[in-house]
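Step one of this worksheet: look at the structure below.
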Amino acid sequence: MKSPARRARRAPYLFLVPAITLFLLFFALPIGYAVWLSFRKVQVSGLGLGAGAREEVWAGLENYTDALSDSELLHGALRVLGYGCIVVPVMLGLALLFALMLDAERVRLAPFTRLAIFLPYAVPGVVAALLWGFLYLPGVSPFHFVLDALGLPQPDLLDGGPLYAALSNIAVWGGTGFNMIVIYTALRAVPAEVYEAAKLDGATPLQIALRIKIPMVTPSLVLSFFFSIIATLQVFSEPTTLKPLTNSVSTTWSPLMKVYQDAFGNGDIHAAAAQATLIAVATLVLSFGFLRTADRRTKQEAGR
């Protein structure tokens, strides 16, 4: 018979079996299959008709070289870079501002305000994009009717340069509340004695916010920035949802839209797998690079 000590040592692993099984089936296996597909291609013989005319063969790095030289994928990456330069700083800046305001003394209706700021995060991304898309559309937008009644110009936010601001607004509207809750929770964890000591030293509320609160919630800001980068690199639902409303959004506006178009529009699943793998690798490199840089700076500041 097995000893009680041996059974106790094996018990944690038995509890991990369901989680490990789900991880392998729905995460590791699909990723591995996508990587395997990225090294394959379809070879067509003759006119591509008849049995054996289309054969899947080993392609090596051909799909990756094609992806890296694909101008549409590069332009999509540049568009997402410009989109992220608007979304990330504005969203985190507003989240930090709202968290500091809610953490201030004598705030009225704080629970209602927190809920009101967080509520847009509960709206699905597709629904939010549709909502804002019709608010942007000149023919049905109430804002355009108001501007027309006032005799003011009516900008088309779904065309040209304003499109970046329109897409960024959807992301900021939906993501600010979540990041605000993360930062606000970190603020509430700061001991009250720290603030009392600062007040006794004559610090103003602004000085407390700049010199105590913001440095204390830096880890939360780093975490929010980390997740915001990942979400920005994976932007898909907003431009895809707005595409039927404007000609300014192409089927390859973002890298993930390019992957989707190649896989399900052009039927080239192998090229799409290579592009998806490159996007995943770029996301990992940028994320872990940022985390290591932030961790190194934190250690340097702690050592001073």
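Counting from 1, the numbers follow the sequence of the chain as shown. From a predicted model like this one, the values you see are computed outputs, not experimental measurements.
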dist T251:OG1 -> K258:NZ (nearest 0.5 Å) comes out at 9.0 Å

Taken to the nearest 0.5 Å, the spacing of F145 CZ from L150 CG works out to 13.5 Å

If two hydrophobic side chains count as joined below 4.5 Å and joins carry through other members, does I214 share a cluster with L223? no

Shared hydrophobic cluster, F98 / V172 (ILVMFWY, side-chain heavy atoms < 4.5 Å): yes

So how far is it from F134 CZ to L242 CG, rounded to the nearest 0.5 Å? 10.0 Å

Dump the intermediate steps for side-chain contact (heavy atoms from CB on, under 4.5 Å) on S228 and V87, then the final yes or no. CA-CA 9 Å; S228 298; V87 171; over 6 Å; no

In terms of hydrophobic clusters joined by side-chain contacts under 4.5 Å, are V35 and L68 together? yes

d(I269 CD1, R40 CZ) to nearest 0.5 Å is 13.0 Å

L245 CG to D159 CG distance, which is reported to the nearest 0.5 Å: 13.0 Å

Sub-4.5 Å side-chain heavy-atom contact between Y64 and F39: yes

Beyond-backbone contact of M180 with L102, side-chain heavy atoms, under 4.5 angstrom: yes

Might you work through the side-chain contact (heavy atoms from CB on, under 4.5 Å) test for N266 and Q261, ending with a clear yes or no? CA-CA 6 Å; N266 303 332; Q261 177 64 23; 3.6 Å; yes

Shared ILVMFWY cluster between V222 and L233, side chains joined below 4.5 angstrom? yes

Look up atom CG in L256 and atom OG in S237, then write down how far apart they are to the nearest 0.5 Å. 10.0 Å

Could you state whether V235 and V126 fall into the same hydrophobic cluster, counting links through intermediate Ile, Leu, Val, Met, Phe, Trp or Tyr residues with side-chain heavy atoms under 4.5 angstrom apart? yes

Stepwise side-chain contact (heavy atoms from CB on, under 4.5 Å) test for F227 and N179: CA-CA 10 Å; F227 286 117; N179 292 289; 5.8 Å; no

For the residue pair T232 / Y83, report whether a side-chain donor-acceptor contact shorter than 3.5 Å exists. no

Worked check of side-chain contact (heavy atoms from CB on, under 4.5 Å) between V249 and M257: CA-CA 10 Å; V249 180; M257 293 178 67; 4.2 Å; yes

